[in-house]
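So the structure is just underneath, and the comments pick up after that.
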Amino acid sequence: MSRLLRRDDGLPVPARELVARSADGARIHVEVHGRDGAPAVVLSHGWTCSARFWAAQVRDLAADHRVVVYDQRGHGRSPAVGREGYSTEALADDLEAVLAATLGPGEKAVLAGHSMGGMTIMAAARRAGLRERAAAVLLCSTGSSRLAAESLVVPVRAGALRTAVTRAILRAKAPLGPVTPVSRRILKYATMGAGSAPDRVDACARIVHACPRGARAPWGHVLAELDLDACVRELHVPTAVIAGTEDRMTPPVHARALAAALPDCLGLTELTGMGHMTPVEAPEAVTAKIRELVTGHLVAGADPGTDGTAEKEEVA
């Protein structure tokens, strides 16, 4: 089965599927697209999203890279966990498990994370699994702390009231319900630029509304109290940062703070008119930056191998 065939969710058919076991036993659904031996790229999605979020990047990069995508715990095809299983440490554990399950001995990859996916990489900054595996990092539309205080989603003056309302939204347990014209408008306002194409708004709405509230709310609690500033200062990996100038969820102030704090920052790219969902809103720019990191920081030249056939396995 060719990896270029399309599934109903927009992703190509993977060359391989597996289940990685995290430190606490959580099952993490992982897909590997592309050819064995090609340069490896690992993509980590954000809150309320899934591996589907990276469909544009997978379609482009899988032609000449080995692309690993996975569902964060409680999202997509990764099962929910108990109340104590939601934390930044769990994010780091899961990423380490994915890297161990998909990369060969001594193999490095370019890691890209969007929103909570970027926070995942930051949370793992002190981990040997990341330091030994990451050749370079791309942080997209993310922040390391003060998410509720800096958010612009609630259209009132900055202060205690706005922060409290934003925290309440993050922690909300109410079901999102089906995608409707009204819910699409709300999602576009909160997460995307004013000029975002309707098909991209619809794609994001379908992904976000598919996230079960049983995972959305506990992860929202984690984000409401997030503080990974110390981890950012220990991310000793070449790191590029991308942000949308119209991002209300993690405004560019976060990206600028990251660029200033990172030990080895490769620069900040601010995408004019883009909102929070940059890999979907501006897929060409995000994919180009990933390719740039591969070219500049990941040694290629291994035998690209041949296309794999679809299979499923579990890694203990």
Side-chain angles (χ1 to χ4, degrees), residues 1-20 28-46 49-72 75-78 95 98-104 107-114 117-118 120-121 133-138 140 199-200 203-204 206-207 240 242 277-313 315:
M1 184 179 292
S2 169
R3 61 180 168 78
L4 297 179
L5 293 178
R6 291 277 296 280
R7 305 188 314 207
D8 290 342
D9 62 6
L11 282 170
V13 173
R16 187 160 57 105
E17 296 182 79
L18 58 93
V19 175
I28 307 301
H29 175 75
V30 185
E31 298 183 6
V32 181
H33 299 262
R35 298 170 294 185
D36 290 343
V41 173
V42 179
L43 308 177
S44 181
H45 70 77
C49 295
S50 68
R52 294 170 55 195
F53 187 79
W54 295 106
Q57 285 70 42
V58 173
R59 287 195 296 269
D60 185 302
L61 293 170
D64 51 357
H65 295 73
R66 183 157 46 89
V67 185
V68 177
V69 290
Y70 69 100
D71 291 324
Q72 301 271 22
H75 295 73
R77 294 167 65 183
S78 293
L95 177 58
V98 170
L99 296 176
T102 58
L103 301 180
E107 184 180 12
K108 290 180 177 285
V110 167
L111 277 53
H114 169 258
T120 299
I121 296 171
R133 300 291 195 174
V137 164
L138 176 61
C140 297
D199 62 324
R200 295 180 180 179
C204 284
R206 285 185 281 110
I207 291 170
I242 281 182
M277 303 300 209
T278 45
V280 174
E281 294 179 82
E284 298 85 358
V286 172
T287 303
K289 183 60 67 174
I290 294 171
R291 285 185 173 277
E292 179 183 316
L293 292 175
V294 171
T295 300
H297 300 276
L298 187 62
V299 177
D303 181 3
T306 58
D307 291 350
T309 56
E311 58 179 311
K312 187 168 185 176
E313 63 185 79
V315 175

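- A donor-acceptor contact shorter than 3.5 Å is absent between the side chain of Arg77 and the backbone of Ala51.
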Verify side-chain contact (heavy atoms from CB on, under 4.5 Å) between Val98 and Val68, making sure each step is shown before the conclusion. CA-CA 9 Å; Val98 170; Val68 177; 3.9 Å; yes

Evaluate Glu281 against Arg200 for side-chain contact (heavy atoms from CB on, under 4.5 Å), listing each step before the verdict. CA-CA 7 Å; Glu281 294 179 82; Arg200 295 180 180 179; 5.6 Å; no

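- A donor-acceptor distance shorter than 3.5 angstrom exists from the side chain of Arg133 to the backbone of Glu107, with no hydrogens or angles considered.
- Here the closest heavy-atom approach between residue Ala20 and residue Val30 is recorded as CB-CG2, 4.1 Å.
- The two residues Leu103 and Ala40 have their closest heavy-atom pair at CD2-CB, 3.8 Å.
- Residue Leu95 holds its CG atom at 6.0 Å from OG of Ser44, rounded to the nearest 0.5 Å.
- Applying the salt bridge (charged side-chain N to carboxylate O under 4.0 Å, His left out) rule to Lys289 yields the partners Glu292; only residues at least two apart in sequence or on another chain are considered.
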Can you list the steps and then say if Asp64 with Arg35 is a salt bridge (Lys or Arg N to Asp or Glu O under 4.0 Å)? CA-CA 7 Å; Asp64 51 357; Arg35 298 170 294 185; over 6 Å; no

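- With contacts defined as side-chain heavy-atom distances shorter than 4.5 Å, the pair Pro39/Leu298 qualifies.
- A side-chain donor-acceptor contact under 3.5 Å links Gln72 to the backbone of His45.
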Walk me through it: do Thr102 and Leu18 pass the test side-chain contact (heavy atoms from CB on, under 4.5 Å)? CA-CA 9 Å; Thr102 58; Leu18 58 93; 4.1 Å; yes

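- Across Val69, Val286, Val67, a single residue satisfies side-chain contact (heavy atoms from CB on, under 4.5 Å) together with Gln57, and that is Val286.
- Screening Val41, Val137, Leu138 for a side-chain contact (heavy atoms from CB on, under 4.5 Å) involving Leu293 leaves a single residue, Leu138.
- Contact between His33 and Ala62 at its shortest, heavy atoms only, is CB-CB, 4.0 Å.
- Under the 3.5 Å distance criterion, the side-chain polar atoms of Arg52 are left unmatched by any main-chain donor or acceptor of Cys204.
- The two residues Lys108 and Ala135 come nearest to each other via the heavy atoms CB-CB, 4.1 Å.
- Under the 3.5 Å distance criterion, the side-chain polar atoms of His65 are matched with a main-chain donor or acceptor of Leu61.
- We find the CD1-CG distance between Ile121 and Leu111 to be 5.0 Å, quoted to the nearest 0.5 Å.
- Here CZ of Arg59 is found 9.5 Å from OG1 of Thr287. Values are rounded to the nearest 0.5 Å.
- Side chain of Arg66 to main chain of Asp36: no donor-acceptor pair is present (N/O by atom type, distance under 3.5 Å, no hydrogens or angles).
- Checked by atom type, the side-chain pair Ser78/Tyr70 shows no donor-acceptor distance below 3.5 Å.
- With a 4.5 Å cut-off on side-chain heavy atoms, Val42 and Val110 do not count as touching.
- The shortest non-hydrogen separation linking Ala101 to Arg16 is O-NH1, 4.5 Å.
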With side-chain contact (heavy atoms from CB on, under 4.5 Å) as the criterion, how do Met277 and His114 come out once you've worked through the C-alpha distance, each side chain's angles and the decisive distance to 0.1 Å? CA-CA 8 Å; Met277 303 300 209; His114 169 258; 3.8 Å; yes

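- Note that CZ of Arg206 and OG of Ser50 are 10.5 Å apart. Values are rounded to the nearest 0.5 Å.
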